[in-house]
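Have a look at the structure below, then the notes.
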Protein chains: 2
Amino acid sequence: MDEKRTGGKTLAGDAYAAIRQKIRSGEFRPGERLRFADLQALCGMSVTPVREALARLTAEGFTTVDDHRGYSVASLSLEELRDVTAARQLCEGEALRLSVSRGDAAWEGRVLATHHMLALIPQGRDDLPSVMREDWEERHAAFHAALISACGSPVLLEICEKLFSRADRYRRLSVSLDGAARDVAGEHRMLMERALARDAEGAAAALREHYGRTAAALEAFFAA
Amino acid sequence: MDEKRTGGKTLAGDAYAAIRQKIRSGEFRPGERLRFADLQALCGMSVTPVREALARLTAEGFTTVDDHRGYSVASLSLEELRDVTAARQLCEGEALRLSVSRGDAAWEGRVLATHHMLALIPQGRDDLPSVMREDWEERHAAFHAALISACGSPVLLEICEKLFSRADRYRRLSVSLDGAARDVAGEHRMLMERALARDAEGAAAALREHYGRTAAALEAFFAA
DNA sequence: GAGTCAACGATTTTCGAAAATCCATCCGAT
DNA sequence: ATCGGATGGATTTTCGAAAATCGTTGACTC
């Protein structure tokens, strides 16, 4: 949400980035309790910056807090997955609609460029090195951010970014899930084409379906 | 957003509540810098809990942070007012639609009860004691929360609550604004009637218009 | 006179230890 | 045997001071 704060400017920022990364990658598992002693050892710093990092993470939904009982990794559930998906379809759908109708040439360039970067990496293959998977996640996020970047509403963008992070945890939980049954790259291409063709409604519909499919695939994983 | 945390369980919670109240009431003005020394003196505690309180407030948009330069009260602008209003119309509109179609008898009761409490206090009169105004604000928030309380989406509710707080600052900035030209109580009554009549679209439309009028009134104030 | 750079003061940020709190366990009484 | 209440250990929360950082002031050079 705030690039200035995830950088190496303060120790609290470092702790925030480190813990967040371990939660998103699954190294810290949902529901797991996070003790200060462990986190201090991990980050190599005192309790104060760790505490601030956890406060931020809690505000963003990555962790939960119980007064005088400490912090835990927020747990995942099928209900929350459905809930987050619906909220994304609403908010990001509207943001995309606005962006498509308002975007200028620079926005078109961003959409093209980020999609190009994304399309260079195949997805859904289990044998990829984890560095490459990490890279794909980053480019995927960049593409979706570019799509809505011209919506003109910082508030909406902030909401979308938070929801994206939240959904991210579910996707990463199941690494290579439905590579065969689904053409994710094709969905992304269609998204880009409709956006650049200035078909706001069509693009929004494609986005909603894109998220619907993702959620459906994850539901199957969850049931197992 | 989190009742457990605003209570008196920890000093950080107290500081959060105290500072937030001073920001919302306008005693801490938009853009004003918040020094730790002052806040410590105000809250009667050390720097640690104050720091945690500011971290939470920043995550909710009440304050901003500049690394190594401290915290300030988030400033208000016409642009942000419009932005927040649009986001509220989108998110709270959808939440209301869902709530109206899903709400059970208990929800109807909550809507009726909170509207009754709200209707007992006149609004827009400058000569009311500030205690009563504060009371109106509280009941107003309770009514709007009740309306969407049956939407079934915790994520959406959290978003709405955050946006409500953010819009709240604008409303409180201008105390008695348009008492003559506008029938706020009537708008609230219509909102309640349509909701209880299970007219989801009508209620959502009324809500959007309600927020549109509020924003318009505030725009006039801002221009002056 | 304009510009550069070092030292200062004000403030934030971090540390390490002390205080407070919670949970589990154990003891004794009914 | 079960319940109520005190005790201890583990952990969070808070404190007060030290360290780090930023903007500024002032001297010094060109």
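Just so it is clear, the model here is predicted, and its values are computed rather than measured.
Comparing C:dT11, C:dT14, D:dT13 against the side chain of B:Arg33 picks out C:dT11 as the nearest. Checked against C:dT13, C:dT11, D:dG16, the side chain of B:Ser46 finds its nearest nucleotide in D:dG16. The side chain of A:His68 lies closest to C:dT21, out of C:dT21, C:dT13, C:dG16.
Atoms OH (B:Tyr71) and P (D:dT21) sit 17 Å apart, rounded to a whole Å. Straight-line distance from the CG atom of B:Asp38 to the C1' atom of C:dT11: 11 Å, rounded to whole Å. The nearest whole Å value for the distance from the CD atom in A:Glu52 to the C1' atom in D:dT12 is 17 Å. Atom-to-atom, CE of A:Met45 to P of C:dT13 comes out at 14 Å; the value is rounded to the nearest Å. In this structure, B:Asp67 places its CG atom 13 Å from P of C:dT12, rounding to the nearest Å. Atom CZ of B:Phe36 is separated from atom P of D:dC22 by 15 Å (rounded to the nearest Å). As rounded to whole Å, 13 Å separates atom C1' of D:dT21 from atom CG of B:Asp66. The distance between atom CG of B:Leu54 and atom P of C:dT11, rounded to the nearest whole Å, is 16 Å.
Using a 4.0 Å cut-off, some side-chain N or O of B:Lys9 falls inside it from OP1 or OP2 of C:dC22. Distances shorter than 4.0 Å separate none of the side-chain N or O atoms of A:Arg51 from OP1 or OP2 on D:dT12. Close to C:dT11, at under 4.0 Å from its OP1 or OP2, lies a side-chain N or O of B:Arg35.
Counting any heavy atom pair closer than 4.0 Å across all strands shown, B:Leu34 reaches sugar-phosphate atoms only and no base atom.
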inquiry  = If you apply the rule side-chain contact (heavy atoms from CB on, under 4.5 Å), what do you find for B:Arg102 with B:Trp107, and how did you get there?
reply    = CA-CA 9 Å; B:Arg102 293 182 180 180; B:Trp107 167 76; over 6 Å; no

task = Apply the test salt bridge (Lys or Arg N to Asp or Glu O under 4.0 Å) to residues B:Glu94 and B:Arg97: give CA-CA distance (whole Å), side-chain angles for both, the deciding distance (0.1 Å), then the verdict.
result = CA-CA 5 Å; B:Glu94 174 69 9; B:Arg97 214 175 288 125; 2.4 Å; yes

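Between A:Leu34 and the options A:Thr63, A:Leu42, A:Val50, a side chain to side chain contact (heavy atoms under 4.5 Å, CB included) holds for only A:Thr63.
Minimum interatomic distance between A:Glu137 and A:Arg171 (heavy atoms only, all atoms of both residues): OE1-NH1, 2.7 Å.
Ring geometry for B:His140 against B:His210 counts as perpendicular: the plane angle is over 60°, on a 0 to 90° scale with 30° as the lower cut.
The 5' end of DNA chain C is approached more closely, in terms of each residue's nearest nucleotide, by B:Gly70 than by the other of B:Gly70 and A:Arg69. Map B:Thr48 and B:Ala37 each onto its nearest nucleotide of DNA chain C; the residue landing nearer the 5' end is B:Ala37.
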